[in-house]
2 protein chains.
Amino acid sequence: MEEILDQIADVFRRHGYEGATLSRLSAATGLGRASLYHHFPDGKADMAQAVAAHMSQNVMKQIFSRLEGEGSTRQKLEGFASGIIEFYDGGAKNCFLAAMTLTGGNTVLAEPMQRSVTRWIEKVSRILLEAGAEEKVALRRARMTVERIQGALIVARSLNDPQSFETTVRELPDMLLQGLE
Amino acid sequence: MEEILDQIADVFRRHGYEGATLSRLSAATGLGRASLYHHFPDGKADMAQAVAAHMSQNVMKQIFSRLEGEGSTRQKLEGFASGIIEFYDGGAKNCFLAAMTLTGGNTVLAEPMQRSVTRWIEKVSRILLEAGAEEKVALRRARMTVERIQGALIVARSLNDPQSFETTVRELPDMLLQGLE
DNA sequence: GTCTATATAGGGATAGAC
DNA sequence: GTCTATCCCTATATAGAC
């Protein structure tokens with residue numbers, strides 16, 4: 001089931017909501033169209049929601065977990081950056097929620113999207129507060145972090161240069177810690 | 001024809017390439033499906049290309065033009081920010097090319113997209129060079145500008161808060177001129 | 001230059017056998 | 001839990017009248 005969700009997620013990320021046809025989803029999972037309806041009775045909308053929940057868990061495990069535990073703030077942020085690069089496969093994979101924004105899955109996914117962005121900003125700003133940043137600064141830098149990650153994915157795809165995504169993400173710890181250590 | 005292209009562009013920006021059905025395009029323009037084929041013999045792919053060229057001109061007129069002529073670098077950059085906010089309707093409208101990236105118009109639009117991003121980076125870095133920035137700094141800040149604009153559009157849409165887009169764009173001149181005046 | 005009508009393919013979704 | 005077969009709808013695209 002984990003594997004099916006990953007395969008479905010890939011299709012959504014590559015083609016957007018409208019472009020994720022049952023044929024493509026069927027091909028990606030190796031399941032017949034009808035079998036997909038066994039797992040997801042409400043069809044595509046169902047799959048999109050399941051994938052959103054699945055991705056949210058993965059982000060927690062692979063990215064946010066790096067901000068907790070031992071180590072200096074800088075070490076945590078560098079782990080955070082590594083987690084992001086892994087998660088987006090070095091810039092080769094799109095953000096699922098960003099892909100949904102631009103293709104009409106909006107209605108069903110509006111809440112998950114909002115909560116996801118809010119959580120990113122909270123997590124990043126919290127660690128900056130702990131490092132001694134003022135609240136305004138922490139919030140501004142956290143928002144900037146999310147913007148740059150999303151933007152860097154688009155730029156990397158436009159330039160057909162995934163490396164530029166990695167470059168941007170590796171810059172984040174320095175930007176976030178400016179004047180704090 | 002200008003008007004038709006604007007109407008078509010809106011559909012692509014709202015629904016992405018796959019979501020821009022001929023029915024929607026027909027409704028948006030007031031033209032019958034068949035009439036659209038009169039103007040764009042190759043159908044959707046044709047429209048997407050025409051819109052890309054049209055948008056490129058608009059960006060030139062409404063945004064990049066602000067970086068030329070009289071005034072201090074700061075004044076130019078503030079005009080630039082205003083142009084961006086107008087162009088994206090205060091964060092309410094998506095970027096056409098970003099919408100295409102995530103929905104399969106890729107093949108046809110790969111080159112326009114690449115040229116567009118490259119031009120943004122060139123234009124912004126050039127004005128920083130003129131203001132005395134080192135080349136590395138200018139390029140990094142220019143890339144960051146494009147990333148933040150793209151990212152801010154996604155964040156604004158996710159949070160259902162167009163205002164946050166405007167806030168980010170208004171921050172750009174300060175960020176770009178840091179240490180240069 | 002716009003329309004009606006239509007051809008053909010593929011979309012999402014369900015029934016029922018195994 | 002997966003399949004084949006099928007339904008209905010919408011999509012893209014074209015022909016030809018006006």
Side-chain angles (χ1 to χ4, degrees), chain A residues 1-54 94 96-97 99-110 112, chain B residues 1-54 94 96-97 99-110 112:
Chain A
M1 187 57 171
E2 287 273 305
E3 201 186 349
I4 294 180
L5 283 173
D6 282 331
Q7 293 159 332
I8 292 175
D10 264 0
V11 176
F12 278 118
R13 287 165 87 162
R14 253 203 286 283
H15 301 284
Y17 187 80
E18 312 248 13
T21 64
L22 288 186
S23 301
R24 289 205 245 246
L25 292 163
S26 171
T29 56
L31 294 174
R33 269 184 281 266
S35 300
L36 288 172
Y37 279 92
H38 173 76
H39 295 283
F40 308 96
D42 290 337
K44 266 172 73 166
D46 226 349
M47 296 185 218
Q49 272 187 304
V51 167
H54 178 58
N94 287 319
F96 168 73
L97 288 176
M100 294 302 99
T101 330
L102 297 176
T103 53
N106 313 34
T107 5
V108 188
L109 294 171
Chain B
M1 187 57 171
E2 287 274 304
E3 200 185 350
I4 294 181
L5 282 172
D6 282 331
Q7 292 159 333
I8 291 175
D10 264 1
V11 176
F12 278 118
R13 286 165 88 161
R14 252 205 286 285
H15 300 284
Y17 187 80
E18 312 249 12
T21 65
L22 288 185
S23 301
R24 289 204 245 247
L25 292 163
S26 171
T29 55
L31 295 174
R33 272 182 282 270
S35 300
L36 288 172
Y37 279 93
H38 173 75
H39 295 283
F40 307 97
D42 289 338
K44 268 172 70 166
D46 226 350
M47 297 184 217
Q49 272 186 305
V51 168
H54 178 58
N94 287 320
F96 168 73
L97 287 176
M100 294 303 99
T101 330
L102 298 175
T103 53
N106 313 34
T107 4
V108 189
L109 294 171

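In what follows, chains carry the letters A, B, and so on, assigned in the order in which the sequence lines appear, proteins first and then strands, with residues in each chain numbered from 1.
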*Asks:* For A:Ser35, which residues count as a side-chain hydrogen bond (donor to acceptor under 3.5 Å, both in side chains) partner, sequence neighbours excluded?
*Replies:*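 Residues passing side-chain hydrogen bond (donor to acceptor under 3.5 Å, both in side chains) with A:Ser35: none at all.
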*Asks:* List, with names and distances, any nitrogen or oxygen atoms from the protein found under 3.5 Å away from nitrogen or oxygen atoms belonging to nucleotides 1-3 of chain D.
*Replies:*
| residue | atom | partner | partner atom | Å |
| --- | --- | --- | --- | --- |
| D:dT2 | OP2 | A:His39 | NE2 | 2.6 |
| D:dC3 | OP2 | A:Gly32 | N | 2.6 |
| D:dC3 | OP2 | A:Ser35 | OG | 3.1 |

*Asks:* In this structure, how many angstroms lie between the P atom of D:dT10 and the CD atom of B:Glu18, rounded?
*Replies:*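 One finds 18 Å between P of D:dT10 and CD of B:Glu18, rounded.
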*Asks:* Any heavy-atom pair between the side chains of A:Leu25 and A:Phe40 that's under 4.5 Å?
*Replies:*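 A:Phe40 does not reach A:Leu25 side chain to side chain.
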*Asks:* From CG of B:Leu22 over to P of D:dT12, roughly how many Å is that when rounded to an integer?
*Replies:*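 B:Leu22 atom CG is separated from D:dT12 atom P by 4 Å.
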*Asks:* Using only side-chain N and O atoms of A:Ser23, determine if any of them is under 4.0 Å from OP1 or OP2 of C:dG11.
*Replies:*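 Checking C:dG11 against A:Ser23, a side-chain N or O does come within under 4.0 Å of OP1 or OP2.
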*Asks:* Quick check for you: to the nearest 0.5 Å, what is the distance between B:Leu109 atom CG and B:Phe12 atom CZ?
*Replies:*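 Those atoms lie 8.5 Å apart.
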*Asks:* Could you list the residues that satisfy side-chain hydrogen bond (donor to acceptor under 3.5 Å, both in side chains) with B:Asp6, not counting sequence neighbours?
*Replies:*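 side-chain hydrogen bond (donor to acceptor under 3.5 Å, both in side chains) check on B:Asp6 returns B:His54.
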*Asks:* Would you give the length of the straight line joining atom CG of B:Asp10 to atom CG of B:Asn94, rounded to the nearest 0.5 angstrom?
*Replies:*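 If we round to the nearest 0.5 Å, B:Asp10:CG and B:Asn94:CG are 10.0 Å apart.
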*Asks:* Please determine whether a side-chain nitrogen or oxygen atom of B:Tyr37 lies at a distance below 4.0 Å from atom OP1 or OP2 of D:dA13.
*Replies:*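 Checking B:Tyr37 against D:dA13: at least one side-chain N or O falls below 4.0 Å of OP1 or OP2.
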*Asks:* Taking only distance into account, with no hydrogens and no angle test, what donor-acceptor pairs under 3.5 Å do side-chain atoms of residues 42-53 of chain A form with protein atoms, sequence neighbours excluded?
*Replies:*
| residue | atom | partner | partner atom | Å |
| --- | --- | --- | --- | --- |
| A:Lys44 | NZ | A:Tyr17 | O | 2.8 |
| A:Lys44 | NZ | A:Ala20 | O | 3.3 |
| A:Asp46 | OD2 | A:Asp42 | N | 2.9 |

*Asks:* Rounded off to whole Å, could you give me the CZ-to-C1' distance for the B:Arg24 and D:dT12 pair?
*Replies:*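 From B:Arg24 CZ to D:dT12 C1': 15 Å.
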*Asks:* In residues 40-54 of chain B, what residues come within less than 4.0 Å of DNA chain D, judged by heavy atoms?
*Replies:*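 When residues 40-54 of chain B is checked for heavy atoms under 4.0 Å from DNA chain D, the hits, listed by number, are B:Gly43, B:Lys44.
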*Asks:* Which atom pair, heavy atoms only, marks the closest approach of A:Glu18 to B:Gly19?
*Replies:*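 Taking A:Glu18 first and B:Gly19 second, the nearest heavy atoms are CD-CA, 3.8 Å.
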*Asks:* Report the residues that fulfil side chain to side chain contact (heavy atoms under 4.5 Å, CB included) with A:Thr29, sequence neighbours left out, ordered by chain and then residue number.
*Replies:*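 Scan of A:Thr29 (side chain to side chain contact (heavy atoms under 4.5 Å, CB included), adjacent residues dropped) gives A:Ile4, A:Gln7, A:Ile8, A:Leu31, A:Leu36.
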*Asks:* Check the distance between C:dG12's P and A:Ile8's CD1 and give it to me in whole angstrom.
*Replies:*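 From A:Ile8 CD1 to C:dG12 P: 13 Å.
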